[in-house]
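Chain naming here is simple, since letters A, B, ... match the order of the sequence lines and numbering starts at 1 in each.
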There are 2 protein chains.
Amino acid sequence: MEKGQVTIRDIALKLNISISTVSRALRGMADVNADTKKRVLEMARELNYEPNQIAQSLRSNRTNTIGIIVPDVQVHFFSSIVSGIQKVASKVNYNVLFCQSGESYQTELNNLKALIASRVDGLLISLSRETEDIEHLLRVQQKNIPLVLFDRISDDIDTSKVDVSDTDGAFKAVKYLIDTECRRIAYLAGPKNLTISNKRMEGYLHALRAAGITPDEELIVHCNSLKEDAAGATAQLLSLNNKPDALFCVNDPVAIQAIQVIKKHNLKIPEDISIIGFTDDPVSALIEPALTTVAQPSHEMGQCAAKLLIDQIKGYDGTSRTVTLDTKLVLRNTTKLLNP
Amino acid sequence: MEKGQVTIRDIALKLNISISTVSRALRGMADVNADTKKRVLEMARELNYEPNQIAQSLRSNRTNTIGIIVPDVQVHFFSSIVSGIQKVASKVNYNVLFCQSGESYQTELNNLKALIASRVDGLLISLSRETEDIEHLLRVQQKNIPLVLFDRISDDIDTSKVDVSDTDGAFKAVKYLIDTECRRIAYLAGPKNLTISNKRMEGYLHALRAAGITPDEELIVHCNSLKEDAAGATAQLLSLNNKPDALFCVNDPVAIQAIQVIKKHNLKIPEDISIIGFTDDPVSALIEPALTTVAQPSHEMGQCAAKLLIDQIKGYDGTSRTVTLDTKLVLRNTTKLLNP
DNA sequence: AACGTTTCCGGTAACGATCTCGGAAATTAA
DNA sequence: TTAATTTCCGAGATCGTTACCGGAAACGTT
């Protein structure tokens, strides 16, 4: 029973040959005797040898590992992305070092430091809600580490990005609300510095203006820490003299909170007030009433981001590209039917 | 603009001192002049130096990295565990290499191979549904790699484990059904080789017998690939001459499927048929009717497993321990009220 | 003044794998 | 038989870091 793990040196000693030969045999190189090669492979299997990727990495300066930072993997949207990333990575023999920022800028910095120290070959990051300064990302670029941002991206850095058509998705949602006779449409927004929240706001405003409706500032409410604020924000909207007849929400959790509050106020959904969310969380199809929402292809987003990154690592593509995935309005029961 | 990253050698060259001194200075060792140390630290910051953990790992034979394998991180129960693991690990400066088996035995083997090659300091594994043979886990032990199993554990290996009180949780659930006047209680089970499914069956049978009810084999139905089978199994139960008046389900997704089918049959929940799930998925509180379920502390399970593993890695505890976390019956609206 | 101590620093050998180089043995060609 | 070539293998350097060892100053002690 040895202490550490088996090395090529152990194999070499057992067979009384040099480690160079063992290395060549294991890597399947040409200039090694067929018989020697067979003996090496057999011995490797017998000793249960596994190559030491740490040593390989040090030598080759490549770790075959990519790093991910997401805000919180407990959010289904992110776990779905992480799943997509991991599957693609594993298919091309890349490992995945996984971190969570917990929506904290400081933790994001720490995560990044750890991943850089681990010499990941590339990075996939979805920014924390607190992150405004992207100095740390620029430092990543200075080190020539390939970087792909997804979902929570930043416009202040020139790198590859994957996002969804937020503006267009919001536009489609709000247009649908207008088409189903809603006129006072509120927007339950996210934090003011969150890019995706702002892009969805653009779509919201655009749809209103396109229909000749003047946006009412009273109807745009921001909420920060999702659940708690969302309930308060909804209550605030319902207490207006001139109540909204529809609610467009920055994401599904907010929409679900809104539904609970509206139910408590004994208002009918969608007759009194229509609701549309964003994301298509699995919960949304199961709640009562089932939530109409703008679906984002989360799994595909992860796969796409991973592919972009790996292409960059392998040097297939040096340019930074932004891929925008399509969103789709999924009609359920929190919205009225379109009149034919 | 250099090619690779900055090394202590670069710092040494710039300051015209030896790499040994730089190393000592960076590690804050005693025998280095205060002024020299200051200059080294300043230069390190100026050059944006990050220690190469790969080299450190090779030298020290420790990677400060643990590996996780879960079946599917998109399942909330697992993402919650993974989140708990990652938080604990990060707090003690451990990295997390993340893999998914996708419920495939072969993929689990591949994952394990990759993690061993990466020389993780320890492993956290929740077995795939396909896994029956645990030879691969024994090989891990032969290599003296600390291993902790969680949730999907196996009785055939002596190692640290974290699970929940499955049997007791099932017992409490079924007892509650009996206490609320249910008599023909069906069990919608998982695959036959799944330990947790069998343990829950034990609790189910125990509760029945304790109440003097003879278990009816007709009322125990197994389903494999979760969603599709669950619907079929439920339909099968509803087509019996002597229908069940309650359904105990191996997990929440199965219960939720069952609810949909039962609704379609125009049966009233819980008046005609009561339902209890297992896990307490976040969805369960939001669906209509809200699902009564046996809650498992998933986040805590992750944290506990990570702590056990890290204690083992650091050599605080060499013995293999099994921690069983408590389950809690969460009463909602798919069950009748208890008569006082 | 001669000695021991302390302070600080550099050389060198590892960790495990790979790659380059060169050389010995075996084979072929002349 | 000798020369040329092929086949196969080993020595050594290297990746970035740390640990061990030893040495040169600078200091204090008698």
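Applying the 4.0 Å criterion to OP1 and OP2 of D/dG10, one finds that A/Thr21 has a side-chain N or O inside that range.
Between B/Tyr105 and B/His136, the two ring planes are perpendicular [angle over 60°; tilted spans 30° to 60°].
Of the candidates D/dT17, C/dC19, C/dC9, D/dT17 carries the atom nearest the B/Arg59 side chain, counting heavy atoms from C-beta on. Distances from the side chain of A/Thr7 to the nucleotides C/dG16, C/dG10, C/dC9 place C/dG16 closest. Comparing C/dC9, D/dT18, C/dT18 by their nearest atom to the side chain of B/Ser23 picks out D/dT18. Distance from the side chain of A/Ile19 is smallest for C/dT18 among the nucleotides C/dT18, C/dC9, D/dC9. The nucleotide whose nearest atom lies closest to any side-chain atom of B/Leu58 is, among D/dG10, C/dT18, D/dG16, D/dG16.
Distance, A/Asp31 CG to C/dT18 P: 14 Å, rounded to whole Å. Regarding B/Leu26, its CG atom lies at a distance of 12 Å from the C1' atom of D/dT18, rounded to whole Å. Here C/dA17 presents its C1' atom at 11 Å from CZ of B/Arg119, a figure rounded to the nearest Å. When rounded to the nearest whole Å, the span between CD of B/Gln56 and C1' of C/dA14 equals 16 Å.
Taking the nucleotide of DNA chain C with the nearest heavy atom to each of B/Ile17 and A/Arg9, the more 5' of the two is matched to B/Ile17. Take the nearest nucleotide of DNA chain C for A/Met29 and for B/Ser60: the residue whose nucleotide is more 5' is B/Ser60.
Side chain A/Arg24 to base D/dG10: a donor-acceptor pair is found below 3.5 Å. Side-chain N/O atoms of A/Ser57 and base N/O atoms of C/dA17 include no donor-acceptor pair closer than 3.5 Å. Side-chain to base pairing of B/Ser20 with C/dG11: one donor and one acceptor N or O lie within less than 3.5 Å of each other.
The main-chain N or O of A/Arg119 is found under 3.5 Å from a side-chain atom of A/Thr63 such that the two form a donor-acceptor pair. A distance-only check finds no donor-acceptor pair linking the side chain of A/Arg152 to the backbone of A/Ser126 [under 3.5 Å]. Between the side chain of A/Ser160 and the backbone N or O of A/Arg321 there is at least one donor-acceptor pair closer than 3.5 Å.
For B/Arg24, there are no salt bridge (charged side-chain N to carboxylate O under 4.0 Å, His left out) partners two or more places apart in sequence or in a different chain.
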